[in-house]
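Report on one structure; see the data block that follows.
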There are 2 protein chains.
Amino acid sequence: MDDEPEAVELVEFNLKQAGYAVTTAADGAEALKKARSQTPDLIILDVMLPEMDGFEICKTLRLEITTAKIPVIMLTAKAAEIDRVLGLELGADDYLTKPFSPRELLLRVKKILSRYQIEEKPKEQLRFGDLLIDLPRHIVSWKNKPIDMTATEFKLLTVLAQRSGRVQSRDQLLRDVWEYDSVIDTRTVDTHMRRLREKIGAASKHLDTVRGVGYRFVE
Amino acid sequence: MDDEPEAVELVEFNLKQAGYAVTTAADGAEALKKARSQTPDLIILDVMLPEMDGFEICKTLRLEITTAKIPVIMLTAKAAEIDRVLGLELGADDYLTKPFSPRELLLRVKKILSRYQIEEKPKEQLRFGDLLIDLPRHIVSWKNKPIDMTATEFKLLTVLAQRSGRVQSRDQLLRDVWEYDSVIDTRTVDTHMRRLREKIGAASKHLDTVRGVGYRFVE
DNA sequence: CAACCGTGTGACGATTCAGTGACAATTCCA
DNA sequence: TGGAATTGTCACTGAATCGTCACACGGTTG
């Protein structure tokens with residue numbers, strides 16, 4: 001997320017080389033949008049950006065629940081302390097002054113990620129556009145409006161969403177949602193899918209039927 | 001804890017100015033001794049030290065229970081990356097390359113301390129609107145009027161409130177409220193929830209039942 | 001085109017679940 | 001020690017939820 005295309009590419013190339021999945025953004029607005037929708041493990045942010053500067057973005061990221069805890073590394077061309085100060089007080093986790101070596105960047109990234117990985121836990125929230133599934137709160141919401149559903153429906157949706165993109169057979173779902181080696185009819189799954197679709201309304205576009213195979217959650 | 005007396009003094013002066021209590025050590029052995037006996041909130045360590053170098057000390061600190069969790073900031077004269085790596089791999093929490101400004105040091109110190117403080121303070125009081133739970137006093141009040149309740153009810157309410165928003169299964173509650181791996185019937189939880197709700201009256205709007213899952217405290 | 005297969009749908013009885021009142025066992029305290 | 005407070009269990013009940021069925025629908029296949 002930088003203003004100089006080549007610099008962005010360089011960073012991207014190096015991070016990808018190192019095995020990280022990288023998404024880039026051309027400006028602040030895009031960066032914020034992607035941060036919200038993808039909730040990355042780490043954000044690298046250039047201070048100098050068109051429109052909204054890096055400080056502004058960092059501040060905004062910190063204010064929103066979904067992005068508040070994502071570590072941020074700030075890139076700055078000015079070595080002046082004041083920039084650093086701001087970066088730190090804004091809650092950035094680290095910073096680099098340009099020019100920096102790719103190796104140095106990788107080290108920072110590695111360090112930050114390892115620090116967070118220690119505390120890392122399985123995802124508590126799954127977000128797909130306007131659909132939010134909050135596991136510990138046991139709440140599903142669509143466009144910030146909570147959707148009431150039964151425990152079974154919640155579990156079914158969760159299992160599908162956690163395996164987003166992969167088709168789950170009815171048998172698979174019976175095992176994972178109903179847990180015991182159920183003596184339950186596989187058609188029961190259909191009924192629950194129907195009820196689930198009814199309840200989540202527009203969000204049911206995420207729930208695909210794969211004829212002859214099973215069901216699939218799509219993003 | 002440095003090998004150059006003036007530098008130590010400078011750091012000490014600045015930290016004290018900022019209101020921190022500072023202890024210094026002239027060499028590695030002294031540093032270790034003081035770290036063990038005083039268990040400070042933070043250790044600033046120079047890489048270059050007579051006898052035992054900073055890496056050695058850091059490694060030793062990490063090995064001992066009393067000092068393992070104390071955050072360490074490393075100071076190094078060499079900007080070479082390799083040193084940084086070592087510092088990081090040794091588990092230092094941050095580092096500074098010399099020369100550094102006092103202001104920069106203060107920022108790092110502040111940041112590290114705040115990071116740890118956030119994780120460390122269990123709240124003594126929980127307040128949700130008119131409902132106040134005072135942990136050390138063992139008092140619950142609603143609109144400033146104390147509510148009489150039994151120890152079990154208090155614990156139950158506390159556990160739920162401390163995990164506000166997150167659904168707790170009956171089993172979870174049995175583990176956390178009754179503590180031992182209880183042979184108690186999970187339905188017992190229901191009974192206590194009922195009594196709790198009766199006693200706290202209007203405040204029971206905070207106590208949600210999540211059918212098929214458990215109970216949840218909502219704000 | 002017609003038979004077929006798999007899925008969506010509406011309805012309904014069966015089951016599960018949490019709230020409730022009662023009661024015995026246990027603990028607490030005077 | 002004795003009575004009161006607290007605690008754990010149980011059976012009962014209404015309501016929510018669940019599983020199943022029969023049928024409708026729509027695409028696929030021969």
Side-chain angles (χ1 to χ4, degrees), chain A residues 138-140 146-160 167-218, chain B residues 138-140 146-160 167-218:
Chain A
H138 225 265
I139 286 174
V140 176
I147 300 173
D148 204 49
M149 62 177 65
T150 71
T152 311
E153 285 154 9
F154 183 86
K155 191 89 186 284
L156 177 59
L157 177 60
T158 301
V159 166
L160 284 168
V167 182
Q168 304 296 307
S169 71
R170 290 175 173 72
D171 282 310
Q172 187 72 47
L173 290 171
L174 278 180
R175 267 197 298 282
D176 296 341
V177 177
W178 279 255
E179 287 183 349
Y180 44 90
D181 298 281
S182 46
V183 285
I184 294 177
D185 185 8
T186 56
R187 291 304 312 280
T188 297
V189 177
D190 296 42
T191 300
H192 280 275
M193 281 301 293
R194 177 183 83 231
R195 290 170 182 154
L196 182 54
R197 280 170 168 157
E198 274 173 15
K199 289 195 180 172
I200 67 178
S204 65
K205 70 180 179 195
H206 288 292
L207 300 176
D208 262 13
T209 301
V210 182
R211 197 185 164 83
V213 188
Y215 294 96
R216 171 177 55 194
F217 189 99
V218 291
Chain B
H138 227 262
I139 288 174
V140 176
I147 299 173
D148 200 49
M149 63 176 65
T150 71
T152 312
E153 285 153 9
F154 183 83
K155 191 87 186 286
L156 177 59
L157 177 61
T158 301
V159 166
L160 284 168
V167 178
Q168 305 295 308
S169 71
R170 289 176 174 73
D171 281 312
Q172 187 72 49
L173 289 171
L174 278 181
R175 267 196 299 282
D176 297 341
V177 176
W178 280 256
E179 287 183 348
Y180 44 91
D181 297 281
S182 45
V183 285
I184 293 177
D185 186 9
T186 57
R187 292 304 312 281
T188 298
V189 177
D190 296 44
T191 301
H192 281 274
M193 281 301 293
R194 171 178 32 130
R195 290 169 182 157
L196 181 55
R197 280 171 167 156
E198 276 172 12
K199 290 196 180 172
I200 67 177
S204 65
K205 70 179 179 194
H206 289 293
L207 299 177
D208 261 13
T209 301
V210 182
R211 188 175 226 271
V213 187
Y215 294 97
R216 171 177 55 197
F217 189 100
V218 291

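Proteins come first, then strands; the chains are lettered A, B, ... in the order of their sequence lines, and each starts at number 1.
The CD-P distance, from B/Glu153 to D/dA5, rounds to 14 Å in whole Å. The distance between atom CZ of B/Arg170 and atom C1' of D/dT9, rounded to the nearest whole Å, is 15 Å. Taking atom CG of residue A/Leu196 and atom C1' of nucleotide C/dT7, one finds them 16 Å apart after rounding to whole Å. Rounding to whole angstrom units, CE of residue B/Met149 and P of D/dT7 are separated by 11 Å. The interatomic distance linking B/Asp185 (CG) with D/dT9 (P) rounds to 6 Å, in whole Å. A straight line from OH of A/Tyr215 to P of C/dG6 spans 13 Å, rounded to a whole angstrom. Atom-to-atom, CZ of A/Arg216 to P of C/dT7 comes out at 13 Å; the value is rounded to the nearest Å. One interatomic measurement links the two molecules: CG of B/Asp148 to C1' of D/dT6, which rounds to 12 Å at whole-angstrom precision.
Scanning both residues, B/Thr152 and B/Val177, for their nearest heavy atoms gives O-CG1, 4.0 Å. Nearest approach of A/Leu173 to A/Tyr215, heavy atoms of both residues: CD1-CD1, 4.2 Å.
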From CA spacing to verdict: side chain to side chain contact (heavy atoms under 4.5 Å, CB included), A/Met149, A/Ile200: CA-CA 9 Å; A/Met149 62 177 65; A/Ile200 67 178; 3.7 Å; yes

Should B/Leu156 and B/Met193 be marked as a side chain to side chain contact (heavy atoms under 4.5 Å, CB included) after you check the CA-CA gap, both sets of side-chain angles, and the distance that decides it? CA-CA 8 Å; B/Leu156 177 59; B/Met193 281 301 293; 3.7 Å; yes

Quick one: do A/Arg170 and A/Thr188 satisfy side chain to side chain contact (heavy atoms under 4.5 Å, CB included)? Show the steps, please. CA-CA 9 Å; A/Arg170 290 175 173 72; A/Thr188 297; over 6 Å; no

For a side chain to side chain contact (heavy atoms under 4.5 Å, CB included) check, start with the C-alpha distance between A/Val189 and A/Ile184, then their side-chain angles and the critical distance, and finish with the verdict. CA-CA 9 Å; A/Val189 177; A/Ile184 294 177; over 6 Å; no

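Within the 4.0 angstrom heavy-atom criterion, only backbone atoms of the sugar-phosphate kind lie near A/Arg197; the bases stay farther away.
Between A/Asp176 and A/Lys155 the shortest side-chain heavy-atom distance does not fall below 4.5 Å.
For A/Phe154, the ring-ring contact (aromatic ring centres under 6.0 Å, His included) test picks out A/His138, with sequence neighbours left out. A/Gln168 is linked by a side-chain hydrogen bond (donor to acceptor under 3.5 Å, both in side chains) to A/Arg163, counting only residues two or more places apart in sequence or in another chain.
Heavy-atom distances under 4.0 Å link DNA chain C to no residue of residues 198-207 of chain A. Of the residues in residues 188-195 of chain B, those with a non-hydrogen atom less than 4.0 angstrom from any atom of DNA chain D are B/Thr188, B/Thr191, B/His192, B/Arg195.
Here the nucleotide nearest the side chain of A/Thr150, chosen from D/dT20, D/dT17, C/dT7, is D/dT17. The listed nucleotides are D/dG8, C/dT9, C/dG6; the one nearest the side chain of B/Trp178 is D/dG8.
Of the possible polar contacts, none joining the B/Ser204 side chain to the B/Leu207 backbone as a donor-acceptor pair under 3.5 Å is found.
Donor-acceptor pairing under 3.5 Å, judged by distance alone, is present between the side chain of A/Arg211 and the base of C/dC5.
Between its two ends, the helix from C/dC1-D/dG30 to C/dA30-D/dT1 turns its axis by 30°, counting five pairs per end and rounding to 10 degrees.
For A/Thr209 and C/dT7, the shortest distance from a side-chain N or O to OP1 or OP2 is not below 4.0 Å.
Ring geometry for A/His206 against A/Phe217 counts as parallel: the plane angle stays under 30°, on a 0 to 90° scale with 60° as the upper cut.
Evaluation of the salt bridge (Lys or Arg N to Asp or Glu O under 4.0 Å) test over residues 191-205 of chain B, restricted to residues two or more places apart or in two chains, returns B/Glu153-B/Lys199.
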